[in-house]
Q: 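First the structure, which I've put down as structure tokens, then a few questions once you've had a look.
The model shown is predicted, which means the values in this text are computed figures rather than measured ones.
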Amino acid sequence: MGKNSALVINPIREKEMIRILPYAPQASSTELKWKHLNVSYYQLPSVECPEHTLSKHVIGLNLGAPARLERVIDRQVKSDRFTEGEVFCINPAGLYRTIRVVDPAQILHLYLEPEFVSHFAHDRIDPDLVEIIPSFHPHDPFLLQLGLTLKSAVVSGTEIDALYADAAATMLAAHLLRHYSTVAVETQKGVNGLSQSKLDTAIDYIHAHLDEDLSIDTLAQLVQISSYYFVRLFKQSMGLTPHAYIVRQRLERAKHLLKMTDLSIAEIAYRTGFCHQSRFSTVFRQYLHTSPRAYRDQK
């Protein structure tokens, strides 16, 4: 099949994906409405996807028993056997290929918006020059760890706040630019964190909007640098990523409200920016090793 007749698919639209993969995912982040990043988890029999291209960058991981998978690009066949936890491929948006799942497999797909990646470090690189390089069977523990975390969230139905999904997209974009792109993205030499005025602006905004859906994009735009450098320079200044800092500030506010008010735990979760009481309780226990109710009851 020629490229003119190959299918162009938006992978987060199920009606389009079924044209190349006639099986619905076991779990997906589509309903969670994350920005920039989407996740789909499949349990597949042997199947062949016709020649196609996706409108998103995609990272595929094998999360089940060993399985043989093949990818065909320009009649070049690459085939290998993948053990549990190995990265199958990294395919940039616009890459025409045929995929064959030879053995039944549990496949996780991470989809990333191309525009988000290409403009991620716009203050240091020309977005028009950013190109993600296709890779087959790379050894990449970072992608495995991130993939397992995201898979656990979509499979269990655990509600993840927009900030966490935003941070995951940011980490993934930075990783692709550093290791799988045609451009070199380096930390600005001689710069030790954000300037004091930019840091104050970001922190003041965070504290004033803890009860809202904060995003890396918003904070970066506020101090007029790219998301990529905002994350790196913020961590240099504070010793924490923006995501970690925001979570800790939300928990500090929650601790105060638990001790000093009679507000319900659900209301406290809402006032401290957590998407749901269950998510608040999970994060509270993760960081403080006790539940919100037990913390409130402590004398």
Side-chain angles (χ1 to χ4, degrees), residues 25-41 61 63 85 106 108 110 141-172 199 202-219 231 234-235 237-299:
Q26 295 292 308
S28 168
S29 65
T30 303
E31 297 300 320
L32 300 177
K33 301 188 187 321
W34 293 347
K35 290 172 58 180
H36 311 309
L37 173 67
N38 288 91
V39 179
S40 291
Y41 173 62
L61 299 97
L63 297 186
Q106 297 179 38
L108 182 74
L110 308 179
F142 170 81
L143 291 178
L144 172 60
Q145 182 179 357
L146 182 62
L148 287 173
T149 300
L150 294 170
K151 180 240 181 181
S152 177
V154 298
V155 169
S156 67
T158 302
E159 292 197 44
I160 287 184
D161 55 61
L163 178 64
Y164 182 89
D166 197 41
T170 298
M171 289 188 291
L172 186 55
L199 183 62
I203 288 178
D204 287 347
Y205 185 89
I206 288 169
H207 282 270
H209 297 84
L210 275 179
D211 60 336
E212 300 176 14
D213 271 345
L214 291 164
S215 75
I216 303 298
D217 287 350
T218 298
L219 294 170
V231 171
F234 187 96
K235 186 174 182 181
S237 295
M238 299 298 293
L240 296 169
T241 64
H243 173 256
Y245 178 80
I246 291 167
V247 168
R248 292 193 182 195
Q249 296 310 305
R250 284 175 167 167
L251 290 175
E252 286 301 315
R253 180 172 293 183
K255 286 163 61 179
H256 172 79
L257 293 174
L258 285 166
K259 288 294 189 181
M260 305 304 295
T261 75
D262 293 324
L263 292 170
S264 69
I265 292 175
E267 179 65 19
I268 290 173
Y270 173 77
R271 292 195 183 194
T272 51
F274 289 93
C275 59
H276 195 274
Q277 180 179 337
S278 62
R279 176 64 181 167
F280 168 57
S281 296
T282 297
V283 175
F284 197 96
R285 186 181 295 277
Q286 177 184 346
Y287 279 76
L288 301 173
H289 309 293
T290 188
S291 68
R293 189 171 305 281
Y295 179 84
R296 167 173 269 173
D297 292 341
Q298 290 175 1
K299 301 299 183 182

Q: Evaluate whether atom CD of Glu31 has more than 12 neighbouring non-hydrogen atoms of other residues, nucleotides or ligands under 6.0 angstrom away.
A: no
Q: Can you sort out the partners of Arg285 under side-chain contact (heavy atoms from CB on, under 4.5 Å), two or more places apart, ordered by chain and number?
A: Ser291
Q: Is a side-chain N or O of Thr261 found less than 3.5 angstrom from the main chain of Leu257, in a donor-acceptor match?
A: yes
Q: Check step by step if side chain to side chain contact (heavy atoms under 4.5 Å, CB included) holds for Leu258 and Phe284.
A: CA-CA 12 Å; Leu258 285 166; Phe284 197 96; 3.7 Å; yes
Q: Please list, chain by chain and in numerical order, all residues satisfying salt bridge (Lys or Arg N to Asp or Glu O under 4.0 Å) with Lys255, sequence neighbours excluded.
A: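 With sequence neighbours excluded, Lys255 shows a salt bridge (Lys or Arg N to Asp or Glu O under 4.0 Å) to Glu252, given in chain and number order.
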Q: Any side-chain hydrogen bond (donor to acceptor under 3.5 Å, both in side chains) involving residues 239-249? Give me the pairs, sequence neighbours left out, ordered by first then second residue.
A: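 Those involving residues 239-249 are His207-Tyr245.
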Q: I'd like to know if the side chain of Lys151 reaches the main chain of Val39, judged simply by a donor and an acceptor atom lying under 3.5 Å from each other, with no hydrogens or angles considered.
A: no
Q: Do Asp166 side-chain atoms and Ser215 backbone N/O form a donor-acceptor pair below 3.5 Å?
A: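 A pair under 3.5 Å: no.
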Q: Are Arg279 and Tyr164 in a cation-pi setup, meaning NZ or CZ lies under 6.0 angstrom from the ring centre and within 45 degrees of the ring axis?
A: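 Yes; both conditions hold, so Arg279 lies above the ring face of Tyr164.
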Q: Taking only residues two or more places apart in sequence, or in another chain, which ones meet Phe142 in a ring-ring contact (aromatic ring centres under 6.0 Å, His included)?
A: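 His175.
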Q: Tell me, please, which residues at least two apart from Glu212 pass salt bridge (Lys or Arg N to Asp or Glu O under 4.0 Å).
A: none
Q: Could I get the full list of ring-ring contact (aromatic ring centres under 6.0 Å, His included) partners for Phe274, not counting sequence neighbours?
A: Phe280
Q: Under the side chain to side chain contact (heavy atoms under 4.5 Å, CB included) criterion, do Lys35 and Asp213 qualify, and how do the steps go?
A: CA-CA 12 Å; Lys35 290 172 58 180; Asp213 271 345; over 6 Å; no
Q: Is the backbone N or O of Leu148 less than 3.5 Å from a side-chain atom of Ser152, with the two atoms forming a donor-acceptor pair by type?
A: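 Absent.
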